[in-house]
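Please read these numbers as outputs of a predicted model, since none were measured by experiment.
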Amino acid sequence: ILGTETCSKYEIKNHLGQRVYFAVEENGCFDRNLCSPIRSFTIRIADNSGREVITVNRPLRCNSCWFPCFLQELEVQSPPGTVAGYVVQNWDPFLPKFTIKNESKEDVLKIIGPYATCGCFEDVDFEVKALNEMSTIGKISKYWSGFVNNVFTNTANFGIQVPVDLDVKIKAVMIGACFLIVSMEDQEIVPRAGQTGTKEVLAVGCDPTKAYMQ
């Protein structure tokens, strides 16, 4: 009603649709309303008992190809206080690209998105690839949730698919990567008239042969 953004809240679900984690974004009013797609934040992820298990920290940085030395970077801690890894945006004039790094800042995986990420009437996939960018081992997907949800609400559904034997720390970093993609997709600085809520639901879905965290 007031045309201002409030802190986002997320549900993280398994492939059966059961909620396993709940996440809350913390940041200031200035960041939310004036820096929305590039805003700084801390996301605290807790299990169903309320115990914080993952912390995601994102500083205020650019996401434009005109500022290749100051692109997006995000730190994931799991458990809180212990660095699990990083997500770093890579410069590319056409495609959204990211590198997944471990706690020692060594490259582990690549994420490459499509040229157009606004996907109308279809899902949008960000492919998770090996470092050579040749083989695809998983994906982060933005699910098309219907015309009403996409036009009149801020609700968004994302899914992660990664190999079941992927290191558990890197799985936590993949969740952080999904949050970074979610926030960079949030191009609306002021909600449209009639738009309801600011709660986004992050559905982390997996095949029986894949998992997002053990």
Side-chain angles (χ1 to χ4, degrees), residues 10 12 15 37-39 41 43 45 54 56-78 83-144 156-187 202-214:
Y10 306 84
I12 301 178
H15 68 282
I38 60 171
R39 65 190 182 275
F41 59 62
I43 293 179
I45 303 173
I54 301 173
V56 179
N57 294 311
R58 179 197 191 191
L60 179 64
R61 297 175 69 94
C62 298
N63 66 352
S64 169
C65 64
W66 300 110
F67 299 94
C69 297
F70 204 64
L71 295 175
Q72 291 295 309
E73 184 172 324
L74 179 148
E75 178 192 81
V76 179
Q77 300 176 2
S78 181
V83 175
Y86 303 86
V87 185
V88 178
Q89 183 184 10
N90 304 128
W91 184 88
D92 189 278
F94 304 112
L95 300 176
K97 291 187 175 184
F98 307 87
T99 298
I100 301 295
K101 298 176 178 282
N102 63 18
E103 66 272 25
S104 300
K105 291 199 170 183
E106 298 169 333
D107 294 357
V108 177
L109 295 170
K110 298 285 188 177
I111 298 175
I112 301 177
Y115 176 76
T117 61
C118 59
C120 189
F121 303 108
E122 63 181 0
D123 298 342
V124 176
D125 292 332
F126 291 74
E127 295 184 334
V128 180
K129 292 180 173 289
L131 291 178
N132 60 13
E133 299 187 8
M134 298 299 292
S135 56
T136 301
I137 67 165
K139 63 182 178 180
I140 296 176
S141 301
K142 179 182 180 182
Y143 299 130
W144 169 254
N157 293 282
F158 283 72
I160 303 173
Q161 292 185 358
V162 293
V164 68
D165 59 351
L166 188 66
D167 183 89
V168 66
K169 291 183 179 180
I170 300 303
K171 291 178 184 178
V173 179
M174 290 298 301
I175 292 178
C178 189
F179 279 122
L180 181 58
I181 291 171
V182 169
S183 61
M184 293 176 70
E185 287 286 301
D186 182 16
Q187 299 297 323
L202 175 66
V204 181
C206 305
D207 298 348
T209 59
K210 299 176 181 177
Y212 68 96
M213 178 161 298
Q214 294 174 337

J.: Can Lys97 and Lys110 be said to form a side chain to side chain contact (heavy atoms under 4.5 Å, CB included), step by step?
T.: CA-CA 7 Å; Lys97 291 187 175 184; Lys110 298 285 188 177; over 6 Å; no
J.: Rounded at 0.5 Å granularity, tell me how far CG in Leu166 sits from CD1 in Ile100.
T.: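 Going from CG on Leu166 over to CD1 on Ile100, the span is 9.5 Å.
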J.: Hey, what do you get for CD (Glu127) to CG (Leu95), rounding to the nearest 0.5 Å?
T.: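 Here the interatomic distance stands at 10.5 Å.
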J.: If I take atom CD1 from residue Ile111 and atom CZ from residue Phe98, how far apart are they, to the nearest 0.5 angstrom?
T.: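 Between atom CD1 of Ile111 and atom CZ of Phe98 there are 7.0 Å.
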J.: With no hydrogens and no angle check, is any side-chain donor or acceptor of Lys171 less than 3.5 Å from a backbone partner on Asp165?
T.: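 The answer is no, because no donor-acceptor pair under 3.5 Å joins these two groups.
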J.: Would you say Asn90 and Thr99 are linked by a side-chain donor-acceptor pair, where the criterion is simply a distance under 3.5 Å?
T.: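 Yes - a donor-acceptor pair under 3.5 Å links their side chains.
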J.: For the residue pair Met174 and Ile140, what are the closest heavy atoms and their distance?
T.: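 Scanning both residues completely, I find the closest heavy atoms to be CE-CD1, 3.9 Å.
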J.: Return the minimal non-hydrogen interatomic distance between Tyr143 and Asp123, and the atom names on each side.
T.: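 Scanning both residues completely, I find the closest heavy atoms to be CA-OD1, 3.3 Å.
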J.: Please test Leu180 against Gln89 for side chain to side chain contact (heavy atoms under 4.5 Å, CB included), starting from the C-alpha separation and ending with a verdict.
T.: CA-CA 10 Å; Leu180 181 58; Gln89 183 184 10; 5.5 Å; no
J.: Provide the closest heavy-atom pair for Val76 versus Gly176 in the form atom of the first, atom of the second, distance.
T.: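 In terms of heavy atoms, the two residues are closest at CG2-CA, 3.9 Å.
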J.: Quick one: CG on Leu74 to CG on Asn57, what's the gap to the nearest 0.5 Å?
T.: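 With rounding to 0.5 Å, CG (Leu74) is 7.5 Å from CG (Asn57).
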J.: Would you call Glu73-Lys101 a salt bridge at under 4.0 Å N-O?
T.: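 No, no charged N to carboxylate O under 4.0 Å.
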J.: Nearest 0.5 Å please: distance from the CD atom of Glu133 over to the CD1 atom of Ile112.
T.: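 One gets 4.0 Å once the value is rounded to the nearest 0.5 Å.
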J.: Minimum heavy-atom separation for Ala172 and Ser78, please, with both atom names.
T.: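 Looks like CB-CB, 4.1 Å.
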J.: Looking at the rings of Phe179 and Tyr10, which for Trp means the six-membered one, are their centres under 6.0 Å apart?
T.: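 Yes: the rings meet the under 6.0 Å criterion.
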J.: To the nearest 0.5 Å, what is the distance between NZ (Lys139) and CD1 (Ile160)?
T.: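 Atom-to-atom, Lys139:NZ and Ile160:CD1 are 12.5 Å apart.
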J.: Is a donor on one side and an acceptor on the other found under 3.5 Å between the side chain of Asp92 and the backbone of Phe94?
T.: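 Yes, because the side chain of Asp92 sits within donor-acceptor range (under 3.5 Å) of the backbone of Phe94.
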J.: Can you spot which of Val56, Val173, Val87, Val83 makes a side-chain contact (heavy atoms from CB on, under 4.5 Å) with Glu75?
T.: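 So the option named by the test is Val83.
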J.: Side chains of Asn102 and Lys169, heavy atoms from C-beta outward: is any pair under 4.5 Å?
T.: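 When only atoms from C-beta onward are counted, Lys169 and Asn102 do not touch, as no gap falls below 4.5 Å.
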